[in-house]
Number of protein chains: 2
Amino acid sequence: MYSECVSTSERLIESTRELLWERGYVGTSPKAILERADAGQGSMYHHFRGKPDLALAAIRRTAEEMRAVAEGVLGGPGTPYERIKAYLLRERDVLRGCPIGRLTMDPDVIASEELRAPVDETIGWLRGRLAGIVEEGRTQGEFGDELDGEEIASAVLATVQGGYVLARASGSPAAFDAGVQGLLALLSPGRDRSSRTSTPPPEEESRCTPCSTN
Amino acid sequence: MYSECVSTSERLIESTRELLWERGYVGTSPKAILERADAGQGSMYHHFRGKPDLALAAIRRTAEEMRAVAEGVLGGPGTPYERIKAYLLRERDVLRGCPIGRLTMDPDVIASEELRAPVDETIGWLRGRLAGIVEEGRTQGEFGDELDGEEIASAVLATVQGGYVLARASGSPAAFDAGVQGLLALLSPGRDRSSRTSTPPPEEESRCTPCSTN
DNA sequence: GTCTATAGCACGATAGAC
DNA sequence: GTCTATCGTGCTATAGAC
């Protein structure tokens, strides 16, 4: 309940963000938003044109935030493999799923060009960012030359997005962690034959446990 | 519209299956089901206790069907790697997503033990089936000994489930295909150093294009 | 076994007072 | 800028005729 010292439109956006994450677009009603924001009908229709308009504002903010968080990890220190590993192992509320990715399963979001756009842009940006890092690793010899940046990037992102599905199906984040570990094992520089020409595999990769235990 | 020569309860279940796939549980109303099945309110409440009961019947049938289709590919001929590859490349209506996986994003499905159960069982079965195949490949030396069956299985399943997310976000199945190709490249027996002790890498892996072009 | 009628409530939006 | 009142529609479910 964002009934504190922030503006009403701010409370409306934040409440919508929460509900879109928890229940998706079709599962979120204006009434529920208003209750959570502790506001009346009039406030919502004063600040926004309706449910789609408010949802758009909420999705845009979530997208921006997610991009910033991802960049914080992907733009951090370390070799390409280490940065991808850091992205995969970053702390996550696994059972809540991805606030952006989940919207792709929402029929009304997919049906609307406007609502889908920020989702598409965010995921597209992430794919490109990861692809660049993979290419970087390839030039440096950390990844094999037979690997394609866009393809590996897609596999990495898909493992995360699909990991949420496995976790939510079983009601436990363990399946998410397993998938991430599997992908990391496959990506591990020490495993790749063709990269050995340029860089010898580092000392035996210490097995890392994911942070998501919630 | 299942208004042909099948029974009313059959039409109700089939209509519900379609709508759950297209719009999810919260996005599907009894009214929409009845219209598609060309049936009246009374028929539905005669054959089923209500929306959750009808949805359960629909989900169970979809789960059964999906298991059969998967087993058809995973239980087919070929080495473990080839069977996993066949599973990943099997024809899919990518933009429609997974009729079982999508339900994990539905708040009312996750909130209900009954509705989540068939989803959990199906995904759990697939994970186990894939894990067994990976272990098989490990014993045969097709996969490296450092790989874990459960982990690779989870990564494979997650890539598929997450691939749907990427595809639907961009409105094109290309991202799904890219992720699958990336994972196949990583899994490729020819790439694994540690497996070379037992089996030499086969002749250069012919690059395969996915069947999903819809 | 299927139909229509009706219930009570929530949906998304508008109007107009304050 | 926020409120309450009201709209017309659709939701999930029940009742009872045929």
Side-chain angles (χ1 to χ4, degrees), chain A residues 1-59 103 106-116, chain B residues 1-20 22-59 103 106-115:
Chain A
M1 295 271 188
Y2 286 88
S3 21
E4 288 97 47
C5 50
V6 277
S7 72
T8 302
S9 84
E10 199 59 25
R11 288 191 331 258
L12 285 169
I13 293 177
E14 288 302 316
S15 298
T16 306
R17 294 217 300 150
E18 292 179 359
L19 282 164
L20 286 182
W21 196 352
E22 292 169 22
R23 305 194 42 86
Y25 184 84
V26 288
T28 297
S29 69
K31 195 194 180 194
I33 295 171
L34 296 174
E35 272 169 15
R36 191 172 291 216
D38 196 27
Q41 290 268 89
S43 301
M44 169 175 153
Y45 285 98
H46 173 75
H47 292 287
F48 304 93
R49 282 192 303 271
K51 180 183 167 180
D53 190 39
L54 173 50
L56 184 58
I59 293 172
L103 296 175
D106 221 299
D108 292 6
V109 171
I110 294 303
S112 155
E113 270 303 314
E114 275 219 299
L115 293 180
R116 191 174 59 85
Chain B
M1 293 271 190
Y2 286 87
S3 19
E4 289 96 49
C5 51
V6 277
S7 71
T8 303
S9 85
E10 199 59 26
R11 288 190 332 256
L12 286 169
I13 293 178
E14 288 303 316
S15 299
T16 305
R17 294 217 299 150
E18 291 179 0
L19 282 164
L20 285 182
E22 292 168 22
R23 307 194 39 87
Y25 184 84
V26 289
T28 296
S29 69
K31 196 194 179 195
I33 295 171
L34 297 175
E35 273 169 15
R36 191 171 290 218
D38 195 26
Q41 290 270 87
S43 301
M44 169 173 153
Y45 285 99
H46 171 74
H47 293 287
F48 304 94
R49 281 192 303 273
K51 180 182 168 180
D53 190 38
L54 173 50
L56 184 58
I59 294 172
L103 296 174
D106 220 299
D108 291 6
V109 171
I110 294 303
S112 154
E113 270 304 314
E114 275 219 299
L115 293 180

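Worth saying up front: this structure is predicted, and the values here are computed from it rather than measured. In what follows, chains are A, B, ... by sequence order, proteins preceding strands, each numbered from 1.
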I need the CG-P distance between B:D38 and C:dG1, as an integer number of Å. 18 Å
Nearest whole angstrom, please: distance from the P of C:dT2 to the CG of B:L34. 12 Å
Between P on D:dT2 and CD on A:E35, what's the gap in Å once rounded to a whole number? 18 Å
Listing time: all N or O pairs from protein to nucleotides 12-15 of chain C that are below 3.5 Å?
residue: C:dG12; atom: OP1; partner: A:K51; partner atom: NZ; Å: 3.0
residue: C:dG12; atom: OP2; partner: A:P30; partner atom: N; Å: 3.0
residue: C:dA13; atom: OP2; partner: A:Y45; partner atom: OH; Å: 2.9
residue: C:dA13; atom: OP2; partner: A:K51; partner atom: N; Å: 3.2
residue: C:dA13; atom: O5'; partner: A:Y45; partner atom: OH; Å: 3.4
residue: C:dA13; atom: N7; partner: A:Q41; partner atom: NE2; Å: 3.0
residue: C:dA13; atom: N6; partner: A:Q41; partner atom: NE2; Å: 2.3

Check whether any side-chain heavy atom of B:M44 lies under 4.5 Å from a side-chain heavy atom of B:P30, and answer yes or no. yes
Without swapping roles, check the side chain of B:T28 against the backbone of B:L19 for a donor-acceptor pair under 3.5 Å. yes
Are OP1 or OP2 of C:dT2 and a side-chain N or O of B:T8 less than 4.0 angstrom apart? yes
Locate the shortest heavy-atom distance separating B:A58 from B:L20; write the atom from each residue and the value. CB-CD1, 4.1 Å
Hey, are the side chains of A:I13 and A:F48 touching, using non-hydrogen atoms and a 4.5 Å cut-off? yes
Length of the line joining B:L54:CG and D:dA13:C1', which is rounded to integer Å: 14 Å
So, do B:D108 and B:L115 sit near enough that their side-chain heavy atoms are less than 4.5 Å apart? no
Give a yes/no answer on whether the side chain of A:H46 brings an N or O atom under 4.0 Å of OP1 or OP2 in D:dT2. no
Kindly indicate whether the side chain of A:L34, heavy atoms from C-beta on, has any atom under 4.5 Å from the side chain of A:L12. yes
